[in-house]
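Notes follow once the structure below has been shown.
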Amino acid sequence: MPNSKKSIFGKIINALRTLRSHSKQPLRVEFVLSDYCNLNCKGCTHYSPLAPKEFAPLAVMQDAMRRISSLRGEPIQELYLIGGEPLLYPELPEAMAMMRSHFPAATLKLFTNGIALPRMTDEFWNACRQADIVVAITRYPIKVDYDSIEKLCRDKGVRYEVFGDRSAKDSFFRFGLDPEKKQNPRMSHFKCYNRGCVSVVGNKVYPCSISACVGHLNAACGTEFTHEKGDYIPLDQLTHVDQIRRLRDRPVPFCGYCINPPDTTTYGPSRREATEWVNR
């Protein structure tokens, strides 16, 4: 067989193996408490620098958790509370207890940049222990003593992990969007760095935070990134866990906006300009 044919055949085999490995990844679901944040990171995939100081009503979160916990099929094993910065959520202890009540056997994590942890109350720490919440800390290249923050978690008897060490200035990505939607959805999905970040916002489930939160970009910068049928699933149309899995594992129309793979970029403050997220 000529080398060119071997090369093409090898690429096809590798692609099939990759697709198979993607489909076998454990399903996780992220409940977005707020996109508001105490950091101002350029290119944030939740568009936090553009997001208003708003928080998901606790009753809305409870309804979402109740619906997802009652789905038929294999139980979801990992669920997260995320932001923005979830430590700013005014009813966080209640949200953590509520999530544990709906998912008694799952691994539950709270994602945070850690900045506010030294100021959290005993009510928060007690809720973490009682609900067995893993505090998942992402390190940023900022003047924060993360070693002391990890020690604080140990002293409080709370499980924690370093979810991502982004302390290097060039360890960030710029996820550019194509406003003309001319990207190949299948290729964008195949190369997607946000695969698996299934996001629950309001009464809808989205395959990723970029799609879920793009409304902040539209509102702040006048862009017109829209959703079509199939880009999300309304919660009241969910009956089986496999619906969420298919939403994760298959390209959706919104994937046509996404330029993958992303560019590596230097960490820095957002100027709240559309060019941080949009390729012109």
Side-chain angles (χ1 to χ4, degrees), residues 29-57 60-61 64 80-86 88-89 111 113 172-189 191-237 244 247-248 250-263 265 267-280:
V29 172
E30 304 177 351
F31 294 95
V32 181
L33 297 177
S34 173
D35 292 315
Y36 182 70
C37 189
N38 52 5
L39 282 179
N40 180 43
C41 306
K42 69 178 181 182
C44 172
T45 56
H46 280 253
Y47 310 95
S48 292
L50 309 176
K53 190 176 181 178
E54 296 176 349
F55 303 96
V60 173
M61 298 299 301
Y80 305 161
L81 292 176
I82 65 169
E85 177 46 58
L88 304 178
Y89 190 70
F111 279 77
N113 59 38
F172 284 77
F173 295 109
R174 177 185 179 274
F175 294 91
L177 295 178
D178 173 8
E180 296 185 5
K181 206 176 185 178
K182 292 184 177 180
Q183 303 302 303
N184 184 318
R186 292 186 180 276
M187 289 304 299
S188 291
H189 181 267
K191 297 178 179 180
C192 182
Y193 276 56
N194 289 302
R195 182 184 295 102
C197 301
V198 176
S199 300
V200 180
V201 177
N203 62 353
K204 298 180 178 69
V205 181
Y206 297 84
C208 71
S209 61
I210 292 175
S211 173
C213 306
V214 75
H216 299 310
L217 179 63
N218 289 339
C221 299
T223 52
E224 297 180 343
F225 296 101
T226 60
H227 292 105
E228 300 179 26
K229 182 179 180 180
D231 278 327
Y232 59 82
I233 304 176
L235 281 171
D236 60 8
Q237 294 181 15
I244 301 178
L247 182 70
R248 181 196 70 174
R250 300 176 182 177
V252 298
F254 194 91
C255 294
Y257 288 124
C258 297
I259 301 170
N260 274 301
D263 299 322
T265 186
Y267 178 79
S270 172
R271 295 183 178 180
R272 299 175 176 83
E273 298 173 348
T275 52
E276 294 176 26
W277 296 275
V278 182
N279 284 27
R280 296 299 188 183

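We count residues from 1, following the sequence as given. Any value given below was found using the heavy atoms of this structure, including those in side chains, with hydrogens, waters and symmetry copies removed. Not measured: the values here are computed from a predicted model.
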Seminar exercise, completed: d(R186 CZ, K191 NZ) to nearest 0.5 Å is 15.0 Å
Problem set entry | Minimum side-chain heavy-atom gap P49-C44 below 4.5 Å | yes
Exercise. Would you say N40's side chain and S270's backbone share a donor-acceptor pair under 3.5 angstrom?
Worked result: yes
Exercise. When rounded to the nearest 0.5 angstrom, what distance separates NZ in K204 from CD1 in I233?
Worked result: 12.5 Å
For this session: Carefully, step by step, assess H189 and R195 under the rule side-chain contact (heavy atoms from CB on, under 4.5 Å).
Result: CA-CA 8 Å; H189 181 267; R195 182 184 295 102; 4.1 Å; yes
Exercise. Which residues satisfy the ring pair (Phe, Tyr, Trp, His ring centres under 6.0 Å) test with F55, sequence neighbours excluded?
Worked result: none
Problem set entry | Side-chain heavy atoms of P262 within contact of R174, under 4.5 Å | no
For this session: State, yes or no, whether a side-chain contact exists between K181 and P253 at a heavy-atom distance under 4.5 Å.
Result: yes
For this session: Of all the heavy-atom pairs spanning H227 and Y232, show the shortest one and how long it is.
Result: CB-CE2, 4.0 Å
Seminar exercise, completed: Separation between CG (L247) and SG (C208), nearest 0.5 Å, reads 9.0 Å
Seminar exercise, completed: Minimal heavy-atom distance between N260 and C192, with the atoms involved, is ND2-CA, 3.9 Å
Seminar exercise, completed: When rounded to the nearest 0.5 Å, the distance separating CD1 of I210 from CG of L217 is 10.5 Å
Exercise. With a 4.5 Å limit on heavy-atom distance, are the side chains of K42 and R271 in contact?
Worked result: no
Problem set entry | Check: N203/D236 side-chain N/O donor and acceptor closer than 3.5 Å | no
Problem set entry | Nearest-0.5 Å distance that lies between atom CG in L33 and atom CD in E54 | 14.0 Å
For this session: Examine distances only and state if a side-chain atom of S199 and a backbone atom of E30 form a donor-acceptor pair shorter than 3.5 Å.
Result: no
Problem set entry | Shortest non-hydrogen contact from L235 toward G202 | CD1-O, 3.8 Å
For this session: Mind listing the closest non-hydrogen atom pair of V32 and M61 along with its distance?
Result: O-SD, 4.0 Å
Exercise. Any idea which heavy atoms bring P251 and P185 closest together, and the distance?
Worked result: CB-O, 3.5 Å
Exercise. Do Y89 side-chain atoms and A56 backbone N/O form a donor-acceptor pair below 3.5 Å?
Worked result: yes
Problem set entry | Spacing of Y80 atom OH and F111 atom CZ [to the nearest 0.5 Å] | 4.5 Å
Exercise. Hey, does W277 have a side-chain heavy atom less than 4.5 Å from the side chain of T45?
Worked result: no
Problem set entry | Step-by-step side-chain contact (heavy atoms from CB on, under 4.5 Å) determination, F175 to C258 | CA-CA 7 Å; F175 294 91; C258 297; over 6 Å; no
Exercise. What's the verdict on side-chain contact (heavy atoms from CB on, under 4.5 Å) for D35 and Y47, showing C-alpha distance, side-chain angles and the deciding distance?
Worked result: CA-CA 7 Å; D35 292 315; Y47 310 95; over 6 Å; no
Exercise. Does the side chain of S34 come within less than 4.5 Å of L88's, by heavy atoms?
Worked result: no
Exercise. So, for S211 and D231, which heavy atoms are closest and what is the spacing to 0.1 Å?
Worked result: OG-O, 4.4 Å
Problem set entry | Any L39 side-chain heavy atom under 4.5 Å of E85 side chain | no
Problem set entry | Test log, rule side-chain contact (heavy atoms from CB on, under 4.5 Å), inputs V214 and F254 | CA-CA 11 Å; V214 75; F254 194 91; 4.1 Å; yes
Exercise. Counting only N and O atoms by type, is there a donor-acceptor contact under 3.5 Å from the side chain of N184 to the main-chain atoms of M187?
Worked result: yes
For this session: Report yes if the side chains of H46 and S209 come closer than 4.5 Å at any heavy-atom pair, otherwise no.
Result: yes
